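Beneath this line is the structure, given in structure tokens, with notes to follow.
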Amino acid sequence: MLKIKNISKKFNDLHVLKNLSFSVEQGDFVVIMGPNGTGKSTLFDIISGRTAPDQGSVYIDGIDITSLSEQKRACLVARLFQNTYLGSCSNLTIRENLAMATLKQRQAGFKLGIRSFPQKVISDFLVPLKLNLENLLDVHMGALSGGQRQIISFIMSILNPPKILLLDEPTAALDPNSATKLLMFAKNYAQENGIPTMLITHDPMIAKHLGNRLWILEDGIIKQEFGPEKNTMNPQDFFHHINYEALC
């Protein structure tokens, strides 16, 4: 379980998060929407330890982790970014990236990581995706498509099962087919393992169909909350959307 208690954050004179408190329980999949600059990614930065809050606390499974560094939280919090290049090393192959990911929080050299690459990763993660990634293990990450990189980055983030999963607009740079596969993979993984998950998106259709909770973050607070009833609502009622008629 993730618990945020009275979190606030300012950048110069901009009050990004204002005394924010909430809990995300086991099995929850929370979708977050809101305008740019309203603190969505800053919230993820605070949960993952990349940014320290000005005040407030972060708890995982009842333990206060507010003072833990991002590195020490790596075994607790998995995060997938919008930028498809942030979650992996382009100069290494798929095999090398996955091998190093298995060594998270362990002291080991690069050669040991390659030698200890578990074949179970192939059978449990790559083969079921049916994307032929198991036959591309020795291809450098930089040669892959954005969708392929995001899938591998996601697998890297969950090889050591986290306590909380953060998806920071992970499909923004992907084509619809790749986005669908990634989101289905993430949804199924979170459900099967009961991992609390939070997803930032600007797509109202994703917000309608994915997850059991929806928050509209605006002006540093959660202005609106929706539960399972969101699945029957008009997605245009959630938040601002592109006015397609105006483009004609």
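Note that the structure is a prediction, hence the values are computed from the model and not measured. We're numbering straight along the sequence, starting at 1.
- Open room surrounds CD on Q26; 12 or fewer heavy atoms of other groups in view lie less than 6.0 Å from it.
- At least one side-chain heavy atom of T197 sits under 4.5 Å from a side-chain heavy atom of L167.
- In the hydrophobic clustering of ILVMFWY residues, with side-chain heavy atoms under 4.5 Å counting as a link, V58 and I222 come out together.
- I221 places none of its side-chain heavy atoms less than 4.5 Å from the side chain of L17.
- H202 and N36 are linked by a side-chain donor-acceptor pair at a separation below 3.5 angstrom, with hydrogens and angles left out of the test.
- Remark: side-chain polar atoms of S69 are paired, donor with acceptor, to backbone N or O of K72 under 3.5 angstrom.
- A distance-only check finds no donor-acceptor pair linking the side chain of D168 to the backbone of Q82 [under 3.5 Å].
- Counting heavy atoms from C-beta outward, L126 and L98 have side chains that approach closer than 4.5 Å.
- Closest non-hydrogen pair, G56 versus P53, comes out as O-CG, 4.1 Å.
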### Task
Dump the intermediate steps for side chain to side chain contact (heavy atoms under 4.5 Å, CB included) on I7 and N19, then the final yes or no.
CA-CA 5 Å; I7 287 290; N19 200 37; over 6 Å; no

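- Ring pair Y189/F125 is tilted by interplanar angle, where 30° to 60° counts as tilted.
- Summarising the geometry of L214 relative to A207, their closest heavy-atom pair is CD1-CB, 3.9 Å, with the distance given to 0.1 Å.
- When side chains are defined from C-beta on, N212 counts as touching D28, because their heavy atoms get closer than 4.5 Å.
- The side-chain tip of K40 does not point at the ring of F44 from less than 6.0 angstrom away and within 45° of straight on.
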### Query
Can E169 and T201 be said to form a side chain to side chain contact (heavy atoms under 4.5 Å, CB included), step by step?
CA-CA 5 Å; E169 296 189 70; T201 184; 5.6 Å; no

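- Rounded to the nearest 0.5 Å, atoms CD1 (I158) and OG (S153) are 11.5 Å apart.
- Separating the CD atom in E70 from the CD1 atom in I46 is a distance of 12.5 Å, to the nearest 0.5 Å.
- Residues P196 and V24 come closest through the heavy atom pair CB-CG1, 3.8 Å.
- Taking the six-membered ring for Trp, W215 and F22 have ring centres closer than 6.0 Å.
- In this structure a side-chain-to-backbone donor-acceptor pair under 3.5 Å is present from Q150 to P170.
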### Task
Check the pair V127 / I122 against side chain to side chain contact (heavy atoms under 4.5 Å, CB included), numbers first and verdict last.
CA-CA 6 Å; V127 173; I122 298 175; 3.9 Å; yes

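- Smallest separation of non-hydrogen atoms from G211 and N231: O-OD1, 4.4 Å.
- Figure legend: cation-pi geometry between R149 and Y85, with NZ or CZ positioned under 6.0 Å from the six-membered ring centre and within 45° of its axis.
- Listed for the H140 side chain is no donor-acceptor partner under 3.5 Å among the backbone atoms of T93.
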### Query
Yes or no on side chain to side chain contact (heavy atoms under 4.5 Å, CB included) for I65 and R73, after CA distance, side-chain angles and deciding distance?
CA-CA 8 Å; I65 65 166; R73 292 190 208 187; 3.7 Å; yes

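- Of all heavy-atom pairs spanning R79 and S48, the tightest one is NH1-OG, 3.4 Å.
- I32 and M1 fall into different hydrophobic clusters, where Ile, Leu, Val, Met, Phe, Trp and Tyr residues are linked whenever their side-chain heavy atoms come under 4.5 Å apart, directly or through other members.
- By the 4.5 Å heavy-atom criterion applied to side chains, L20 and N6 are not counted as neighbours.
- Remark: L131 CG to K181 NZ distance equals 4.5 Å, nearest 0.5 Å.
- With values rounded to the nearest 0.5 angstrom, Q148 atom CD is found 11.0 Å from L129 atom CG.
- Taking 4.5 Å as the limit, every side-chain heavy atom of L165 sits out of range of all side-chain heavy atoms of M198.
- Linking ILVMFWY residues whenever their side-chain heavy atoms come closer than 4.5 Å, directly or via other members, leaves L86 and L80 in distinct clusters.
- Under 3.5 Å, the side chains of T180 and N177 contain no donor-acceptor pair of N or O atoms.
- Both F29 and M233 belong to a single network of hydrophobic side chains, linked directly or stepwise wherever heavy atoms of I, L, V, M, F, W or Y lie under 4.5 Å apart.
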### Query
Between K18 and D219, is a salt bridge (charged side-chain N to carboxylate O under 4.0 Å, His left out) present by the stated rule, with each step listed?
CA-CA 8 Å; K18 304 175 183 176; D219 297 327; 5.5 Å; no

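- In plain terms, the two heavy atoms of A173 and T84 that are nearest each other are CB-CG2, 4.4 Å.
- To the nearest 0.5 Å, atoms CD1 (I206) and CD1 (I200) are separated by 12.5 Å.
- Classification of the F226-F238 ring pair by plane angle, with boundaries at 30° and 60°, yields tilted.
- With hydrogens and angles disregarded, no donor-acceptor distance shorter than 3.5 Å links the side chain of D124 to the backbone of V121.
- Atoms CD1 and CD1, on I94 and I152 in that order, are 4.5 Å from each other to the nearest 0.5 Å.
- The main-chain N or O of S178 is found under 3.5 Å from a side-chain atom of D175 such that the two form a donor-acceptor pair.
- Between the side chains of S8 and D54, no donor-acceptor pair is found at a separation under 3.5 Å.
- For residues 59-68, the set of pairs meeting the side-chain hydrogen bond (donor to acceptor under 3.5 Å, both in side chains) definition, not counting sequence neighbours, comprises D61-K163, D64-T66.
- Counting only heavy atoms from C-beta outward, the side chains of I151 and L144 never approach each other to under 4.5 Å.
- The side-chain heavy atoms of I164 and I60, taken from C-beta on, include a pair separated by under 4.5 Å.
- One N or O on the side chain of K9 and one on the backbone of A52 form a donor-acceptor pair closer than 3.5 Å.
- Applying the salt bridge (Lys or Arg N to Asp or Glu O under 4.0 Å) criterion to K10, with sequence neighbours excluded, gives no partner residue.
- Atom CG of N234 has more than 12 neighbouring heavy atoms from other residues, nucleotides or ligands inside a 6.0 Å radius.
- A side-chain donor-acceptor contact under 3.5 Å links N97 to the backbone of C89.
- For K230 (side chain) and K208 (main-chain N/O), a donor-acceptor pair under 3.5 Å exists by modelled atom type.
- Side-chain N or O atoms of D203 include one that pairs as donor or acceptor with a backbone N or O of M205 at under 3.5 Å.
- Residues F81 and M141 do not share a hydrophobic cluster, clusters being chains of Ile/Leu/Val/Met/Phe/Trp/Tyr side chains in contact below 4.5 Å.
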